[in-house]
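Since the structure comes first, as structure tokens, the remarks are kept for the end.
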Amino acid sequence: MRTDPSSAAGTRLKKIALSGVRVFDGRRLSGQRTVVIDGAVIGTDPAGAEVIDAKGAVLLPGLIDAHIHLDGPGNLEQLRSFGVTTALDMATWQPHLVEQLRNQAGTTDIRSAMIPVLGDVDADAVPGVAPDLVREAIVRSPGEADGAVGWRVARGADYIKLMIGSSGPGGAGGQDQPTADALVVAAHAHGKKVIAHALTADAYRMAVHAGVDVLAHVPLDQVLTPADVQLIVAGGQVCVPTLTMMQGVAALGESSVFETATRNVAALYRAGVPIVAGTDANALPGVPVHLDHGQCLHDELELLVGAGLSTTDALRAATDLSARSFGLTDRGSVRPGLRADLLLIDGDPTAGIRATRTIRRVWCAGAGDEPGWG
Ligand SMILES: [Zn+2]
């Protein structure tokens with residue numbers, strides 16, 4: 001069931017003027033000004049608004065987590081309470097859960113890849129998933145690509161998620177190069193972006209060769225060569241490193257893999273590859289590291305700064321740049337006409353990124369509430 005968030009919440013949305021607030025508009029921090037929240041969108045005219053004195057506070061666009069996995073109905077409220085007003089599900093085995101959680105007024109807005117595209121895997125080997133659904137996820141040859149993409153799009157996929165290389169669920173292998181190439185062509189023909197899970201330098205090369213749009217994770221096995229980095233620059237890919245997850249993986253065994261991950265982020269960032277914030281928040285059976293929705297995006301911002309991003313670029317990674325990278329044209333910035341997805345905090349996050357945790361209030365399309373934290 002789909003509802004229009006603005007009309008569904010319309011009866012209780014107010015007109016609010018935040019006065020004296022400093023604004024990170026998705027690009028830079030301004031001096032004090034007034035921002036009007038007019039129903040579900042950011043407005044211009046403060047006439048008749050309830051005025052909130054926000055001197056000393058900073059207003060950010062609501063944060064976007066560009067890599068989560070939905071696992072239950074509680075996810076949205078948890079994301080919202082931490083200022084994450086948009087979350088991009090990077091594959092789920094519960095398509096009905098996505099249907100249930102879409103377009104909910106007053107809370108976090110989601111997008112989803114629906115089920116992933118897997119290489120060959122034993123359909124009985126993915127824990128907790130019906131073998132029939134796993135079989136639907138498997139794509140073995142270029143000839144199967146168009147049907148697989150069409151199946152997902154017909155069920156509401158907003159983008160297509162490929163597993164490149166090994167380490168998919170149940171030990172699934174990835175596609176071979178011709179199959180990955182065909183999947184990207186098919187997805188683009190359907191007007192959908194392609195996100196590739198890739199954890200090794202080889203998987204990165206394959207994904208870039210196939211022409212995917214977004215590289216999820218970052219190589220853990222080796223530091224990318226300058227030639228690799230230049231291919232990514234030329235290919236126009238965006239990278240969502242998920243350093244929070246990489247740190248969790250490193251904690252299970254070899255701690256050196258996290259250093260490799262951060263060096264790769266630094267090299268990509270220095271070369272101008274857009275770095276977007278995503279966490280891999282999940283509580284999925286079979287995934288060795290579970291991360292709490294919402295809170296871990298603040299950890300991710302801190303790790304991105306640790307890897308060399310400026311505080312401004314870390315904020316952009318979770319707002320303006322993220323929205324642009326995923327074609328979300330109605331959000332990611334603080335500008336009249338955009339969705340009133342907003343986060344009011346106490347400190348200046350350009351001076352210290354941990355200030356994003358000092359949450360005073362969160363609005364999802366104009367529906368404001370007290371945070372669960374801060
Ligand atoms: Zn993931």
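Test Lys192, Gln237, His188 against Asp213 for side-chain hydrogen bond (donor to acceptor under 3.5 Å, both in side chains) and you get one pass: His188. Of the options Asp348, Leu59, Leu315, a side-chain contact (heavy atoms from CB on, under 4.5 Å) to Phe24 is made by Leu315 and by none of the others.
With respect to the salt-bridge test (charged N to carboxylate O, under 4.0 angstrom), the residues Arg80 and Asp109 do not qualify.
Nearest heavy atoms, Ala186 versus Asp146: CB-OD1, 3.7 Å.
The salt bridge (charged side-chain N to carboxylate O under 4.0 Å, His left out) analysis of residues 150-161, with sequence neighbours excluded, yields the pairs Arg102-Asp158.
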Problem set entry | side chain to side chain contact (heavy atoms under 4.5 Å, CB included) assessment of Ile16 paired with Arg361 | CA-CA 13 Å; Ile16 292 170; Arg361 197 160 165 182; 4.0 Å; yes
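Residues satisfying the side-chain hydrogen bond (donor to acceptor under 3.5 Å, both in side chains) criterion with Arg335, sequence neighbours excluded, are absent altogether. Partners of Thr86 under the side-chain hydrogen bond (donor to acceptor under 3.5 Å, both in side chains) rule, at least two apart in sequence or in another chain, are Arg331.
The OG1 atom of Thr107 sits 5.0 Å away from atom CG of Leu76, with the distance rounded to the nearest 0.5 Å. For the atom pair Leu70 CG and Asn75 CG, the distance stands at 5.5 Å (nearest 0.5 Å). Residue Leu118 holds its CG atom at 6.5 Å from CE of Met163, rounded to the nearest 0.5 Å.
Under the 3.5 Å distance criterion, the side-chain polar atoms of Asn282 are matched with a main-chain donor or acceptor of Asp280.
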Return a table of donor-acceptor pairs under 3.5 angstrom between the side chains of residues 44-57 and protein atoms on other chains or two or more places apart.
{"residue": "Asp45", "atom": "OD1", "partner": "Ala47", "partner atom": "N", "Å": "2.9"}
{"residue": "Asp53", "atom": "OD1", "partner": "Lys55", "partner atom": "N", "Å": "3.0"}

Ignoring hydrogens and angles, write down the donor-acceptor pairs under 3.5 Å from the side chains of residues 26-36, residues two or more places apart or on other chains.
{"residue": "Arg27", "atom": "NE", "partner": "Asp320", "partner atom": "OD2", "Å": "3.1"}
{"residue": "Ser30", "atom": "OG", "partner": "Val23", "partner atom": "N", "Å": "3.2"}
{"residue": "Ser30", "atom": "OG", "partner": "Val23", "partner atom": "O", "Å": "3.4"}

Enumerate donor-acceptor pairs with a distance under 3.5 Å from any side-chain N or O in residues 215-225 to protein atoms, sequence neighbours excluded.
{"residue": "His217", "atom": "ND1", "partner": "Thr242", "partner atom": "OG1", "Å": "2.7"}
{"residue": "His217", "atom": "NE2", "partner": "His197", "partner atom": "ND1", "Å": "3.2"}
{"residue": "Asp221", "atom": "OD1", "partner": "Ala201", "partner atom": "N", "Å": "3.0"}
{"residue": "Thr225", "atom": "OG1", "partner": "Ala227", "partner atom": "N", "Å": "3.4"}
{"residue": "Thr225", "atom": "OG1", "partner": "Asp228", "partner atom": "N", "Å": "3.0"}
{"residue": "Thr225", "atom": "OG1", "partner": "Asp228", "partner atom": "OD2", "Å": "3.1"}

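With contacts defined as side-chain heavy-atom distances shorter than 4.5 Å, the pair Asp71/His293 qualifies. Taking the side chain as every heavy atom from C-beta outward, Leu343 and Thr85 never approach each other to under 4.5 Å.
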